[in-house]
Structures are given as C-alpha cells and as structure tokens.
Visitor: 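First the structure, which I've put down as structure tokens, then a few questions once you've had a look.
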Protein chains: 2
Amino acid sequence: MAAKKQVIKETVGARIRSLRIASNLTQDEFAHKLGVSRSAIAQWETDRAGQIRDNMERIAKVLNTSMAYLVSGESGSLQGDELAMMNLYRSCTSEDRQILLRTAKRLAR
Amino acid sequence: MAAKKQVIKETVGARIRSLRIASNLTQDEFAHKLGVSRSAIAQWETDRAGQIRDNMERIAKVLNTSMAYLVSGESGSLQGDELAMMNLYRSCTSEDRQILLRTAKRLAR
DNA sequence: GACAGAATGTCAATATAACTAACACTCCTT
DNA sequence: AAGGAGTGTTAGTTATATTGACATTCTGTC
C-alpha cells in the first residue's frame with residue numbers, strides 16, 4: 001500500500017527483458033514458449049506485476065538462467081553454459097564428480 | 001553424531017523453517033516480525049502456499065539470508081569443490097568445455 | 001497415564017495479486 | 001497515409017496468498 005518506487009535500477013523486469021532480447025525473442029514468442037499471455041510479459045518487464053513461482057522456473061529455463069539471478073541480480077550467479085555445467089555437476093554422485101574434476105584437470109591448460 | 005552432512009533443503013518451505021528455527025523464533029514470533037498471520041507461516045513451511053515478492057524480501061531480511069537462497073537453495077557464491085570445478089571449466093578451451101559438458105551429461109543421473 | 005499450555009497443522013472464506021483480453025500507442029516500411 | 005510489428009496500458013477475471021477459527025501434536029508436570 002505504501003509507495004514503493006524502487007531506487008534500485010536493476011529490477012526483475014529489467015533482467016527478464018534484457019535476457020529475452022538477448023535471446024532474440026519478441027514478447028509474443030516468449031509468451032508462447034511459456035504458455036502465458038503476451039500482456040503478462042509486458043507487465044513483468046515493466047514491474048507492474050510479479051510472477052508466481054511456477055512461471056519463474058519456466059522463465060529461468062527458457063532464458064538459460066537461474067531463478068537466483070532473476071530474483072537477486074547477483075553478478076556472481078552462473079549463467080548459460082556455466083550454469084548448465086554446474087547443474088550437471090551437482091546432479092552427479094560424489095564418485096562421478098571426482099571423475100569430472102580429474103577430467104577437467106587434465107583438459108585445463 | 002559426527003559432523004552432520006550439509007543437506008540442501010529441497011523446498012522453499014523447508015529452508016524457511018530451517019532458518020526460522022535456527023533463529024530461535026516460533027511461528028508466532030516470526031509472523032509478528034513480518035506482519036503476517038501465523039497460519040501463513042505454517043502454510044509456507046509446509047509448501048501449501050507461496051509468498052508474494054514483498055514478503056519474500058522481508059523473510060530474507062529477518063532470517064539474514066538472500067531471496068536467491070530461499071528461492072533456489074543455492075548460495076550466490078560457489079565454494080569448495082564446486083568452485084574448483086568451475087575454475088577448471090573456465091580455464092578450458094571451448095572445445096574442451098564441450099567435452100566436459102558431454103561427459104557430465106552422460107554421468108548425471 | 002492424564003492433564004494443561006504451547007507450538008504447529010488444516011480448512012473454509014476472504015483479500016489480493018497474477019493473469020487475460022481488448023484497446024492504444026509508437027516506430028518502421030511502403 | 002496506411003498497414004503491420006512490437007509493446008504499453010487498462011478493466012475485468014482467474015488464481016493464489018493470506019486470514020481466522022478450529023484441530024492436532026508436542027512437551028512437560030502432576
């Protein structure tokens with residue numbers, strides 16, 4: 001109810017828009033991929049409405065990012081292929097993680 | 001009773017509960033700090049209902065954590081073996097990165 | 001065990017936010 | 001000027017978060 005004009009420049013909407021454009025998607029195409037209306041996208045990107053969690057997860061997947069980045073904008077958050085690599089690594093058993101680490105050590109210059 | 005394995009809480013609710021208890025707060029005290037009803041807390045922690053963004057921000061503040069962790073269960077910064085893995089990955093050529101990704105895809109369950 | 005008080009779980013009803021559909025506006029291109 | 005593509009905006013609807021009341025479990029104490 002209180003006025004909540006954010007001083008923070010980087011908003012969730014700004015990050016969504018930035019990543020959508022980086023993916024060469026129009027709002028319409030993006031909406032179709034997510035299964036929501038285009039006007040919902042427009043409102044997300046202008047921070048007029050939030051997103052329920054299910055949609056946040058889909059957004060992160062389609063834009064190859066993490067919910068953590070969308071929500072927080074933390075620069076340390078992994079993106080793209082680095083995120084994919086870490087997700088795979090985390091879903092491995094500890095034995096397989098050691099295999100990956102050894103392989104990476106061998107390949108790294 | 002040796003060192004307890006650090007387990008990543010699976011759901012948002014589990015993480016909220018874990019942090020609330022770590023702060024020695026009852027649901028009632030927690031609700032009062034946030035300005036919401038106690039039953040809302042109970043439903044968050046049992047994943048019967050989500051939280052709007054404003055409340056997520058307050059939750060993170062009261063529990064001394066980040067929205068990113070609450071939402072995704074991942075801390076913004078990498079640590080230990082994960083950091084080692086990512087450093088190695090980053091020092092690989094793009095060809096070798098592809099190899100690592102393929103290997104990880106094969107190993108991941 | 002039985003009781004009381006505290007803490008939490010559950011459910012119907014309500015409040016509020018997300019979402020849709022329709023329309024408006026701005027750029028381009030012809 | 002007209003039309004189309006892309007996006008912004010608004011009112012209305014749908015979906016979800018939140019509340020309040022009641023139920024349940026847990027923890028001591030007798």
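In what follows, chains carry the letters A, B, and so on, assigned in the order in which the sequence lines appear, proteins first and then strands, with residues in each chain numbered from 1. Heavy atoms only: backbone and side chains are in, while hydrogens, waters and symmetry mates are out. Quantities reported herein were computed from a predicted structural model and do not represent experimental measurements.
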Visitor: Go through C:dG9, D:dT18, C:dC19 for me and flag the one nearest to the B:Gln27 side chain.
Guide: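 So the side chain of B:Gln27 is nearest to C:dG9.
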Visitor: Would you mind telling me which of D:dT7, D:dT16, C:dT10 lies closest to the side-chain atoms of B:Arg48?
Guide: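 Ranking D:dT7, D:dT16, C:dT10 by closest atom to the B:Arg48 side chain puts C:dT10 first.
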Visitor: Can a donor-acceptor pair be found, under 3.5 Å and without considering hydrogens, that links the side chain of B:Arg97 to the backbone of B:Tyr89?
Guide: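 Answer holds: yes.
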Visitor: Is B:Ile21 reachable from B:Val36 through a run of hydrophobic residues whose side-chain heavy atoms are each under 4.5 Å from the next?
Guide: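 B:Val36 does not cluster with B:Ile21.
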Visitor: Which whole-number value in Å describes the distance from B:His32 NE2 to C:dT8 C1'?
Guide: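 Result: 18 Å.
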Visitor: Would a single hydrophobic cluster contain both A:Val71 and A:Val62, if residues Ile, Leu, Val, Met, Phe, Trp and Tyr are joined by side-chain heavy-atom contacts under 4.5 Å?
Guide: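 Yes, it is one cluster - the side chains of A:Val62 and A:Val71 are joined through contacts under 4.5 Å.
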Visitor: Measure from the side-chain N and O atoms of B:Ser18 to the backbone N and O of B:Ala14, and report whether any donor-acceptor pair falls under 3.5 Å.
Guide: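 No.
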Visitor: What's the closest nucleotide to the side chain of A:Thr46 if the choices are C:dT8, C:dC19, D:dT9?
Guide: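 From the listed options, D:dT9 comes nearest.
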Visitor: Produce a footprint string for nucleotides 20-30 of chain C: one letter per nucleotide, 5' end first; B if the base is under 4.0 Å from any protein heavy atom, S if only the sugar-phosphate is, - if neither.
Guide: BB---------
Visitor: Rounding to an integer number of Å, can you tell me how far B:Gln51 CD sits from D:dT19 P?
Guide: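 Going from B:Gln51 (CD) to D:dT19 (P), I get 12 Å.
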Visitor: Grab the CG-C1' distance between A:Asp28 and D:dG8 for me, whole Å please.
Guide: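 Rounding to the nearest Å, CG of A:Asp28 and C1' of D:dG8 are 14 Å apart.
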Visitor: Just verifying a value: how many Å separate A:Ser66 OG and A:Ile59 CD1, rounded to the nearest 0.5 Å?
Guide: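 Interatomic distance, A:Ser66 OG to A:Ile59 CD1, rounded to 0.5 Å: 12.5 Å.
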Visitor: Find the distance B:Leu25:CG to C:dA7:P and express it as a whole number of Å.
Guide: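 One finds 12 Å between P of C:dA7 and CG of B:Leu25, rounded.
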Visitor: Round to a whole Å and report the spacing from CZ of B:Arg53 to C1' of D:dT16.
Guide: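 Computing the B:Arg53:CZ to D:dT16:C1' distance gives 15 Å.
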Visitor: Can you tell me if the side-chain N/O atoms of A:Asn55 get under 4.0 Å from OP1 or OP2 in C:dA18?
Guide: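 Negative; the distance criterion is not met.
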Visitor: Let me confirm one number: the CD-OG distance from B:Gln27 to B:Ser39, rounded to the nearest 0.5 Å.
Guide: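 One gets 9.0 Å once the value is rounded to the nearest 0.5 Å.
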Visitor: What about B:Leu101 and B:Met85, same hydrophobic cluster or not, with Ile/Leu/Val/Met/Phe/Trp/Tyr joined at side-chain heavy-atom distances under 4.5 Å?
Guide: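 Per the 4.5 Å side-chain linkage, B:Leu101 and B:Met85 are co-clustered.
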Visitor: Quick one: A:Met56 CE to C:dC19 P, roughly how many Å, whole number?
Guide: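 Computing the A:Met56:CE to C:dC19:P distance gives 11 Å.
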Visitor: Looking for any heavy atom pair under 4.0 Å, which part of the strands does B:Arg17 touch: base, sugar-phosphate only, or nothing?
Guide: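 Answer is sugar-phosphate: B:Arg17 comes under 4.0 Å of backbone atoms only.
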Visitor: Rounding to a whole Å, what distance do you find between A:Leu34:CG and C:dC19:P?
Guide: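 Taking atom P of C:dC19 as the reference, CG of A:Leu34 is at 10 Å.
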Visitor: Measure CZ/B:Arg20 against P/C:dG9 and give the value in whole Å, please.
Guide: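 After rounding, the reported distance stands at 8 Å.
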